[in-house]
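First the structure, in the form of C-alpha cells, and then the observations on it.
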Amino acid sequence: MRLWIKNPLAILAEDAGGGIVVEDTRIVELVASGRAPSAPVDEAFDASRHVVIPGLINTHHHFFQTLARAHPKGMDRELFPWLMSLYPIWGRIDPEMFRLAVRLALAELLMSGCTTAMDHHYLFARGLEDAIDIEVEEARAIGIRAVMTRGSLSLGVSDGAAPPDHCVQDEDTILADSERLLNRYHDRSEGAMTQIALAPCAPFVVGLPLMRQSARLAEKHDCRLHTHLAETKDEEAYCLERFGLRPLDWLEEAGWMGPRTWLAHGVHFTCEECERLGRAGVGVCHCPTSNATLASGFCKTRELEAAGSPVGLGVDGSASNDSSNLMEEVRHAVLVNRLHYGSASAVTHRDALRWATEGSARCLGRKDIGRIAVGLQADLALFTLDELRYSGAHDPIAALVLCGANRADRVMVAGTWRVVDGVPPGLDLRALVEAHSAAARKFA
Ligand code: ZN
C-alpha cells in the first residue's frame, strides 16, 4: 500500500512541497513541489488544506493526574506544598479510575498531534500492580506509539517523605517488576511501538541504592533511564541538606551520567552543570507550562542545547499543566523562553517544534521518529488553518504555533490514520469524558 499525501499547504521538511509517499509504516519518498511520486501510488490524500509536521513526541507526563486537574487542594501552590496536598488524594486511586485516566490522556495527546506518548507512572497502590500493563494495553488500543516508564517510590510518610506508605514499594519488588515489564514489553527494534524505561521518581522519594540498581538493569536490557531532577530550589536545598550534594552530583553518584538518561525539568542547573550534562549526553525534557504553573523557574534550554544535550518537550502531569495538549506546549515553550532570555529572537517557533519532535526523539534514544525524512516512521500530524484564529496568517508553519493550534485534523502513526476529522475513529469521546469525570469525583 503506497499512499501519497499530496501537495500540502505547508510541510515541515526540506524539498517536500509536493508531499510525501508512505508505504506500510515508513516514509519512502519526499516529492518536490510540482512533481509526482517516482512510482505509481495506490491512493492519494489531498493535503491542500493541511499543514503537515512530524508527529509530536511527549517526553514527560503522569496520566493519573488528569483526575486531579484544577483541584482546589493543588491550586496556587509550589511543588513541595502541592505534592504534600495531593499525595493523600492520589493515594485513593483504583485500577478502574487509572484506566480511564490513561485512556483520556492518550486520546488528548493524540488529538493534539502527538504520535509518541510517554508516561512516568510511579503510584503502585494496592490493586495497581499492573498499572504499566494497563498503559500498554490502552496505548495499543488507540494506536499511539508508547514509551512507558516503570516509575517508583521507595520512601513514604513513615520515612519523612510525602507519598502515603501504601503507595511505596520496597526495592526488590520494584526491581523485579521492572525486569518483568522489560522482558514482556520492551521492543528495541526499529519502528518499535512499545518501549519501557526505568524511572525512580525523584531524589526526595527514592534512595541511591535503587537508582544504582536501576542503572544496572537499564544497561542489561538496553533501555532508557528517566527521573525528575533540578525542578525546584526546594529540591536543591533538600539534596544539599540530606546528601551534601547538589541534585546533579546526586545523579552522578547514582551512576546516571550517561546518554541513556533523560531528565524531567532540569530547571536549576548552573551553566557549568549544563556543560557536564552536554558532555555526558544526558537529555532534558523541558516542561514550560508546568514550570510556569508551579513557579518552578526557567530551564536553560539554549545552554543545554549548545552543550550538546538533547532537549525535548513534555506536558508534565495534568495536575500541574492542567491539560495534556502537546501542541499548546510548543506555543508555551516559545513564550516562556522569550521571557526567560529577554529576547524575542532567542527562541523561535521552529526551535520549539524541533524540541517537540527531533529533540524529544533524541531524549528517547530514537532515530526512527521525529522528522519527516525517507526511511523514518510515518508519524505525522496534519492541521487545517480554517478556524477564526488563523484567518489572516501568512506563514502557515508559524501560524500553528503563534496562533495557538491545539487540535490536529488528522494524525498518522506508523502509516495508519489514528485521528480522522479531529477524532480517533471508534472512540466515544462523550462517554469517555463522562466516565473519567465520574471517576475524578473520587478525588474530590
Ligand atoms: Zn513530573
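Atoms within each ligand, like the ligands themselves, are counted from 1 in listed order. Below, each value reflects all heavy atoms present in this structure, side chains not excepted, and no hydrogens, waters or symmetry copies.
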query: Do any protein N, O or S atoms sit under 2.8 Å from the Zn ion (ligand 1), and which ones are they?
result: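 Listed by chain and number: His60 NE2, His62 NE2, His228 NE2, Asp316 OD1.
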message: Regarding Asp249 and Arg276, does a basic nitrogen lie under 4.0 Å from an acidic carboxylate oxygen?
response: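 Yes.
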- prompt: Under 30°, 30 to 60°, or over 60°: which ring-plane class applies to His226 and His228, parallel, tilted or perpendicular?
  reply: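 Aromatic pair His226/His228 classed tilted.
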- prompt: Parallel, tilted or perpendicular: which fits the ring planes of His62 and His120, with parallel below 30° and perpendicular above 60°?
  reply: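 Because their plane-to-plane angle lies in the 30° to 60° range, the rings of His62 and His120 count as tilted.
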query: Taking side chain as C-beta onward, heavy atoms only, is Ser318 less than 4.5 Å from His61?
result: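 Ser318 vs His61: side chains touch.
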- prompt: Given the rule in the salt bridge (Lys or Arg N to Asp or Glu O under 4.0 Å) test, do Glu305 and Arg354 qualify, once you have shown the distances and angles that lead to the verdict?
  reply: CA-CA 11 Å; Glu305 272 201 314; Arg354 185 182 68 251; 2.7 Å; yes
Residues in side-chain hydrogen bond (donor to acceptor under 3.5 Å, both in side chains) contact with Asp187, at least two apart in sequence or another chain: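 Expected list: Ser189.
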